Asker: 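Encoded as C-alpha cells, here's the structure I'll be asking about.
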Amino acid sequence: MTAENKAFQKVTESTATNPIQGNPYGPNPSDFLSNVANFQLIDSTLREGEQFANSYFSTEKKIEIAKALDDFGVDYIELTSPVASEQSRKDCEAICKLGLKAKILTHIRCHMDDAKVAVETGVDGVDVVIGTSKFLRQYSHGKDMNYIAKSAIEVIEFVKSKGIEIRFSSEDSFRSDLVDLLNIYKTVSKIGVNRIGIADTVGCANPRQVYELVRTLKSVVNCDIECHFHNDTGCAIANAYTALEAGAKLIDVCVLGIGERNGIVPIGGLMARMIVADPDYVKSKYKLPKLRDLENLVADAVEVNIPFNNPITGFCAFTHKAGIHAKAILANPSTYEILDPHDFGMKRYIHFANRLTGWNAIKSRVDQLNLSLTDAEVKIVTTKIKKMGDIRPLNIDDVDSIIKEYHGEINTPTLVPKMTKSDEEPLDLSDEPAAKKVKL
Ligand SMILES: CC(=O)SCCNC(=O)CCNC(=O)[C@H](O)C(C)(C)COP(=O)(O)OP(=O)(O)OC[C@H]1O[C@@H](n2cnc3c(N)ncnc32)[C@H](O)[C@@H]1OP(=O)(O)O
Ligand SMILES: O=C(O)CCC(=O)C(=O)O
Ligand SMILES: [Zn+2]
C-alpha cells in the first residue's frame with residue numbers, strides 16, 4: 001500500500017531553505033585520513049545477498065539486478081564464488097560479459113582451487129577471504145596463521161599474475177588477535193594488493209572499535225581498506241560511517257541489507273547517512289531517485305516487504321503526523337527533516353487525519369480544498385476532527401467531510417442550523433464504510 005492512498009496530505013511546498021550555514025554533519029577536519037567525501041560502494045547483493053535465507057536468483061534475475069545496480073552507480077558488484085555451483089560459475093561469466101560500468105568481482109576462499117576457477121570467469125577482480133579468529137581457525141578451516149600467510153601469498157601472486165584486481169580479507173577480524181591481523185596485513189600489503197578488507201562477520205563491533213582498528217591498519221598498509229559490517233547488533237551503518245571517518249575507502253553494501261542472518265549495511269541506509277555528510281558527492285555519484293525501484297526489484301526477488309521504517313523508502317519515512325511537527329514542517333521542512341525526499345524522487349506527507357493533528361495542519365487542508373474559513377473557524381473544526389479521532393482511526397475522507405459539512409453549515413445559515421451544543425457530541429460513525437478505515 002502506498003502512502004498516496006492513505007490518509008496523508010501531500011506537502012507541495014518545499015521552498016524554505018535550511019537556516020544552518022555550512023554543514024555540521026560533514027567530515028570532521030580532525031579526521032585527516034577521512035574518506036567520508038570520497039568513498040566507494042562494493043555491492044554484494046549478488047554474493048552476500050545470495051546468502052540471505054530467502055534468496056534464490058535465477059540467471060535472468062541476477063542480470064536484471066546487476067544492471068540496476070550499475071545504473072544506480074555502484075563502483076563494484078561482487079558475485080558469488082564460481083565454485084559454489086556450476087550455474088554460479090556460468091552466471092558469473094554471463095555478468096562479466098554485460099559490459100557494465102561497475103567492476104565485477106567474485107568472492108573466493110583463500111585457496112588455489114578456487115582462485116584458478118575465479119580468474120577464468122572474466123572478472124575484473126577477486127576478493128579473497130579467510131577466517132583469522134580463533135573460532136574460525138579452530139572450527140571452520142582448521143589452519144594456523146603461518147598456513148594462512150603462505151596460502152594468501154600464493155593466491156595473491158597467482159591472481160595478480162592474471163592482471164586483475166586482488167583484495168585480501170580476514171574473516172571475523174574483530175574477534176581476531178590484533179598482532180595476527182597486523183602481521184597478515186603487513187605481509188599482503190608488502191607483496192601488493194589493491195585492497196585489504198576487514199569483516200565484522202558476526203556483527204559484534206561498535207563504532208569506537210571500528211575507528212581504532214581502521215586507524216591502526218592505515219598505519220601498516222599502503223593500499224585501500226574495504227570494510228564489511230554485519231548488522232546483528234544494529235551497528236552496521238554507524239560502523240560503516242565510522243570506518244570511512246577513520247580512513248577506510250570502500251564499504252560492502254547490499255540492497256535492503258540482505259545477507260547471512262539479518263544481513264549487512266543496506267545501500268539505502270548508507271546513502272541516507274552519506275548524503276547528510278556530503279550531499280554534492282553523493283548526488284553526483286549515485287542516481288538516488290533509482291533507489292526505490294532497486295529496492296523493489298530485490299524485495300520482489302527475495303519475497304520480502306520493504307520495512308515500514310526503512311530509511312528513505314519506508315512508507316512513512318517522510319510522513320509527519322503530530323500537530324506540532326506538521327505546523328513546523330509546513331513552515332519549513334528542515335525543522336523536522338534531515339533528508340529532502342525530493343533528492344530520492346520521493347514526496348513528503350502530512351498525516352492530518354488523526355487526533356494528534358493541530359489547527360495549522362487542518363488549515364492547510366482547508367486551503368487545499370479551496371474553502372475559506374477564519375482561523376477561529378479552523379480551530380472549531382479541528383476540535384470536531386479530534387473528537388472523531390478519539391473514537392476511531394480516521395481517513396482523509398472523514399476529515400474532508402467534517403470540514404465540508406462545517407463549511408456548509410456556516411455558509412448556508414438559512415438551510416443548515418448553526419452549531420449547537422449537541423454538535424459537540426461525538427459524531428455518529430455507524431455508517432462509516434469499513435474500507436475507509438486506515439490503520440498505520
Ligand atoms: C563469511 C562469509 O560469508 S564467507 C563466504 C561464504 N560463501 C560461501 O560459502 C559460498 C557458498 N559455499 C559453497 O558453495 C560451499 O561451501 C563451497 C563450494 C565453498 C565449499 O563446499 P564444500 O567443499 O562442500 O565444503 P563445506 O561447505 O562443507 O565446508 C567449507 C570448506 O571450506 C574450507 N574453508 C572455509 N573457509 C575457508 C577459507 N576462507 N579459505 C580456505 N578454505 C576455507 C573449510 O575448511 C571446509 O573445507 P573441508 O570440509 O575440506 O574442511
Ligand atoms: O570477504 C569479506 O571481507 C567478508 C566476508 C563475509 O561475508 C563476512 O565475513 O561476513
Ligand atoms: Zn558477510
Side-chain angles (χ1 to χ4, degrees), residues 42-53 55-57 76 78-89 91-92 105-118 125-133 135-145 147-156 159 165-176 181 184-185 188 193-205 210 213-214 217 224-233 235-236 239-240 243 248-254 257-266:
I42 297 183
D43 185 276
S44 190
T45 307
L46 296 176
R47 193 284 289 177
E48 176 78 51
E50 200 177 5
Q51 296 171 222
F52 171 54
S55 291
Y56 170 79
F57 299 129
Y76 290 88
E78 186 181 66
L79 305 177
T80 289
S81 171
V83 306
S85 70
E86 183 61 7
Q87 194 57 48
S88 302
R89 185 181 60 75
D91 291 347
C92 186
L105 306 168
T106 192
H107 187 258
I108 61 164
R109 295 173 295 181
C110 187
H111 198 288
M112 282 301 286
D113 291 351
D114 291 12
K116 283 178 185 157
V117 181
V126 178
D127 285 346
V128 176
V129 69
I130 186 156
T132 47
S133 67
F135 293 104
L136 298 184
R137 282 197 275 130
Q138 184 173 354
Y139 298 109
S140 174
H141 53 70
K143 306 293 192 284
D144 62 21
M145 288 309 294
Y147 180 94
I148 290 172
K150 213 165 135 268
S151 56
I153 293 169
E154 188 185 16
V155 170
I156 290 165
V159 174
E165 286 190 17
I166 176 77
R167 182 223 65 181
F168 175 84
S169 188
S170 65
E171 190 186 347
D172 206 6
S173 317
F174 288 86
R175 294 192 301 175
S176 299
L181 282 187
I184 188 71
Y185 286 127
V188 300
V193 288
N194 297 84
R195 305 182 297 285
I196 58 148
I198 54 173
D200 183 17
T201 305
V202 297
C204 61
V210 168
L213 183 56
V214 173
L217 290 177
D224 288 336
I225 298 178
E226 168 186 337
C227 291
H228 181 96
F229 296 111
H230 276 264
N231 204 29
D232 302 69
T233 61
C235 286
N239 283 343
K249 175 93 181 267
L250 304 102
I251 301 294
D252 291 3
V253 292
C254 286
I258 58 171
E260 287 279 352
R261 308 183 305 283
N262 79 332
I264 66 163
V265 177

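The first residue in the sequence is number 1, and the count goes up from there. The shown structure was predicted, so the numbers you read here are calculated from the model rather than taken from an experiment. Whatever order the structure lists them in is the order used to number ligands and atoms, beginning at 1. The basis for the numbers below is simple: all heavy atoms, side chains too, and nothing from hydrogens, waters or symmetry mates.
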Asker: Would R167 count as a contact of ligand 2 if the rule is a heavy atom under 4.0 Å away?
Answerer: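 It does, in that a heavy atom of R167 comes within the 4.0 Å cut-off of ligand 2.
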
Asker: Within ligand 1, which atoms have a heavy atom of I130 less than 4.0 Å away?
Answerer: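 Near I130, meaning under 4.0 Å from one of its heavy atoms, ligand 1 has 38 (C), 39 (N), 40 (N).
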
Asker: What distance do S44 atom OG and I264 atom CD1 have between them, rounded to the nearest 0.5 Å?
Answerer: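 The distance works out to 5.5 Å.
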
Asker: Quick check: closest heavy atoms across E48 and I258, and the distance to 0.1 Å?
Answerer: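 E48 and I258 have their closest heavy atoms at CG-O, 4.0 Å.
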
Asker: Just to confirm, does any protein heavy atom lie below 4.0 Å from atom 40 (N) of ligand 1?
Answerer: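 Protein heavy atom within 4.0 Å of atom 40 (N) of ligand 1: present.
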
Asker: What's the shortest distance from atom 35 (C) of ligand 1 to any protein heavy atom, and which residue and atom give it?
Answerer: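 Sorting protein heavy atoms by distance from atom 35 (C) of ligand 1 puts S140 OG, 3.6 Å first.
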
Asker: Please confirm whether R47 approaches ligand 1 to less than 4.0 Å, judged on its heavy atoms.
Answerer: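 Yes.
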
Asker: If the cut-off is 4.0 Å to any non-hydrogen atom of H107, which atoms of ligand 2 fall inside it?
Answerer: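 Listed by number with element, the hits are 1 (O), 2 (C), 5 (C).
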
Asker: Can we say D127 and R167 salt-bridge, meaning some charged N sits less than 4.0 Å from an Asp/Glu carboxylate O?
Answerer: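 Looking at D127 and R167, the cut-off is met.
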
Asker: If you compare all heavy atoms of A205 against all heavy atoms of V210, which two are closest, and at what distance to 0.1 Å?
Answerer: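 Minimum heavy-atom contact is CB-CG2, 4.0 Å.
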
Asker: Where the closest heavy atom to atom 33 (C) of ligand 1 is concerned, which of E48, R109, H228 has it?
Answerer: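 Answer by nearest heavy atom: R109.
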
Asker: Which heavy atom of S170 sits nearest a heavy atom of T132, and at what distance?
Answerer: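 Between these two residues, the closest heavy atoms are CB-OG1, 3.3 Å.
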
Asker: Could you check atom 6 (C) of ligand 2 against the protein and tell me its nearest heavy-atom contact, residue, atom and distance included?
Answerer: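 Here the nearest protein heavy atom works out to H228 NE2, 3.3 Å.
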
Asker: Answer whether the closest heavy-atom distance between the side chains of R47 and L105 falls below 4.5 Å.
Answerer: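 Heavy-atom side-chain distance check fails, nothing below 4.5 Å.
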
Asker: I'd like to know if atom 19 (C) of ligand 1 has any protein heavy atom within a distance of less than 4.0 Å.
Answerer: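 Yes, at least one protein heavy atom sits under 4.0 Å from atom 19 (C) of ligand 1.
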
Asker: Which pair of non-hydrogen atoms, one from I148 and one from K143, has the smallest distance, and what is that distance?
Answerer: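 Looks like CD1-O, 4.2 Å.
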
Asker: Quick check on atom 47 (O) of ligand 1 - does any protein heavy atom sit closer than 4.0 Å to it?
Answerer: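 For atom 47 (O) of ligand 1 the answer is no, since every protein heavy atom stays at 4.0 Å or beyond.
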
Asker: Closest non-hydrogen protein atom to atom 14 (O) of ligand 1, residue and atom name please, with distance?
Answerer: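 Answer, as residue, atom name and distance: A84 CA, 3.3 Å.
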
Asker: Kindly give the heavy-atom pair with the smallest separation between P82 and I108, and that separation in Å.
Answerer: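 Where P82 meets I108 most closely, the heavy atoms are CD-CG2, 4.1 Å.
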
Asker: Among the heavy atoms of C110, does any lie under 4.0 Å from an atom of ligand 1?
Answerer: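 For ligand 1, residue contact (heavy atoms, under 4.0 Å) with C110 is present.
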
Asker: Does E260 approach ligand 2 within less than 4.0 angstrom via side chain, backbone, both or neither, non-hydrogen atoms only?
Answerer: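 Looking at E260 and ligand 2, no heavy atom falls under 4.0 Å.
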
Asker: Does E260 reach ligand 1 with a nitrogen or oxygen that is under 3.5 Å from one of the ligand's nitrogen or oxygen atoms?
Answerer: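 The answer is no, given that E260 and ligand 1 share no N or O pair closer than 3.5 Å.
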
Asker: Output the distance between atom CD (Q87) and atom OG1 (T80), rounded to the nearest 0.5 Å.
Answerer: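 Reported value, rounded in 0.5 Å steps: 12.0 Å.
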
Asker: What are the atoms of ligand 1, with element, lying closer than 4.0 Å to any heavy atom of V129?
Answerer: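 Close to V129: 38 (C), 39 (N), 40 (N).
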
Asker: Angle at the Zn ion (ligand 3), NE2 of H228 to NE2 of H230, rounded to 10 degrees, please.
Answerer: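 Angle NE2(H228)-the Zn ion (ligand 3)-NE2(H230): 100°, rounded to 10°.
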
Asker: Please round to the nearest 0.5 Å and tell me the distance separating atom CG of D252 and atom OG1 of T45.
Answerer: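 Reported to 0.5 Å precision, the distance equals 10.5 Å.
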
Asker: Measure the spacing between CG of L136 and OG of S176 and express it to the nearest 0.5 Å.
Answerer: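 Result: 7.5 Å between the selected atoms.
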
Asker: For the residue pair I156 and V128, establish whether any side-chain heavy-atom pair is separated by less than 4.5 Å.
Answerer: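 A side-chain contact under 4.5 Å is absent here.
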
Asker: Considering heavy atoms of the protein only, find what lies nearest to atom 10 (O) of ligand 2 and give residue, atom and distance to 0.1 Å.
Answerer: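 For atom 10 (O) of ligand 2, the nearest protein heavy atom comes out as H230 NE2, 2.9 Å.
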
Asker: I'd like to check atom 3 (O) of ligand 1 in this structure: does the protein have a heavy atom lying under 4.0 Å from it?
Answerer: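 True for atom 3 (O) of ligand 1.
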
Asker: Is there a heavy atom of A199 sitting under 4.0 angstrom from any atom of ligand 2?
Answerer: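 Right, A199 reaches ligand 2.
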
Asker: So if I count the atoms of ligand 1 from 1 in the order they appear, which ones are less than 4.0 Å from some heavy atom of V83?
Answerer: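 So the atoms of ligand 1 that pass are 18 (C).
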
Asker: Considering non-hydrogen atoms only, spot the tightest contact between V214 and A248 and give its length.
Answerer: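 Looking at all heavy atoms of both residues, the closest pair is CG1-N, 3.5 Å.
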
Asker: Below 4.0 Å from any atom of ligand 2, is there a heavy atom belonging to E226?
Answerer: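 E226 does not count as a contact of ligand 2 under the 4.0 Å cut-off.
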
Asker: Look at atom 9 (O) of ligand 2 and say which protein heavy atom is nearest, naming residue and atom and giving the distance to 0.1 Å.
Answerer: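 Atom 9 (O) of ligand 2 sits closest to the protein heavy atom T201 OG1, 2.6 Å.
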
Asker: Got a second to check how far D172's CG is from I198's CD1, nearest 0.5 Å?
Answerer: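 Those atoms lie 12.0 Å apart.
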
Asker: As a quick check of understanding, evaluate side-chain contact (heavy atoms from CB on, under 4.5 Å) for L213 and L181, giving each step before the final call.
Answerer: CA-CA 10 Å; L213 183 56; L181 282 187; 4.2 Å; yes

Asker: Among all protein heavy atoms, pick the one closest to atom 8 (C) of ligand 1 and tell me residue, atom and distance.
Answerer: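 That would be Q51 OE1, 4.6 Å.
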
Asker: Check E48 and report its N/O/S atom nearest to the Zn ion (ligand 3), by atom name.
Answerer: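 The E48 atom nearest to the Zn ion (ligand 3), restricting to N, O or S, is OE1.
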
Asker: Do Y147 and H141 pass the side-chain contact (heavy atoms from CB on, under 4.5 Å) test, and can you show the C-alpha distance, the side-chain angles, and the key distance before you say yes or no?
Answerer: CA-CA 11 Å; Y147 180 94; H141 53 70; over 6 Å; no

Asker: Indicate whether atom 50 (O) of ligand 1 is within a distance of less than 4.0 angstrom of some protein heavy atom.
Answerer: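 No, no protein heavy atom sits under 4.0 Å from atom 50 (O) of ligand 1.
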
Asker: Heavy atoms of the protein only: does one fall short of 4.0 Å from atom 6 (C) of ligand 1?
Answerer: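 Protein heavy atom within 4.0 Å of atom 6 (C) of ligand 1: present.
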
Asker: Under 4.0 Å from a heavy atom of E171: give me the atoms of ligand 2 that qualify, with their elements.
Answerer: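 Heavy-atom distances to E171 below 4.0 Å select 9 (O).
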
Asker: Protein heavy atoms near atom 10 (C) of ligand 1, is at least one of them under 4.0 angstrom away?
Answerer: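 Protein heavy atoms within 4.0 Å of atom 10 (C) of ligand 1 - there are none.
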
Asker: For the atom pair CD (E171) and OG (S133), what is the distance rounded to the nearest 0.5 Å?
Answerer: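 Reported to 0.5 Å precision, the distance equals 7.5 Å.
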
Asker: At the 4.0 Å heavy-atom cut-off, does E171 count as touching ligand 1?
Answerer: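 Yes; E171 lies near enough to ligand 1 that a heavy-atom distance drops under 4.0 Å.
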
Asker: Using a strict 4.0 Å cut-off to heavy atoms of H107, name the atoms of ligand 1 that fall inside it.
Answerer: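 Here the atoms of ligand 1 in question are 4 (S), 5 (C).
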
Asker: Closer than 2.8 Å to the Zn ion (ligand 3): does that hold for any N, O or S atom in E260?
Answerer: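 No - counting backbone and side chain alike, E260 has no N, O or S atom under 2.8 Å.
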
Asker: Would you mind listing which atoms of ligand 2 come within a distance below 4.0 Å of any non-hydrogen atom of V129?
Answerer: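 In order of numbering, the contacting atoms are 1 (O), 2 (C).
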
Asker: Looking only at heavy atoms, is any part of R47 under 4.0 Å from ligand 2, and if so is it the side chain, the backbone, or both, or is it neither?
Answerer: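 The side chain, only.
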
Asker: Looking only at protein heavy atoms, identify the closest one to atom 3 (O) of ligand 2 and say how far it is in Å.
Answerer: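 Checked against all protein heavy atoms, atom 3 (O) of ligand 2 sits closest to S169 OG, 2.6 Å.
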
Asker: Quick one: sort the Y185 and F168 rings into parallel, tilted or perpendicular, breaks at 30° and 60°.
Answerer: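 If you compare the ring of Y185 with that of F168, the planes turn out perpendicular.
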
Asker: Between V117 and D113, is a side-chain contact (heavy atoms from CB on, under 4.5 Å) present by the stated rule, with each step listed?
Answerer: CA-CA 7 Å; V117 181; D113 291 351; over 6 Å; no

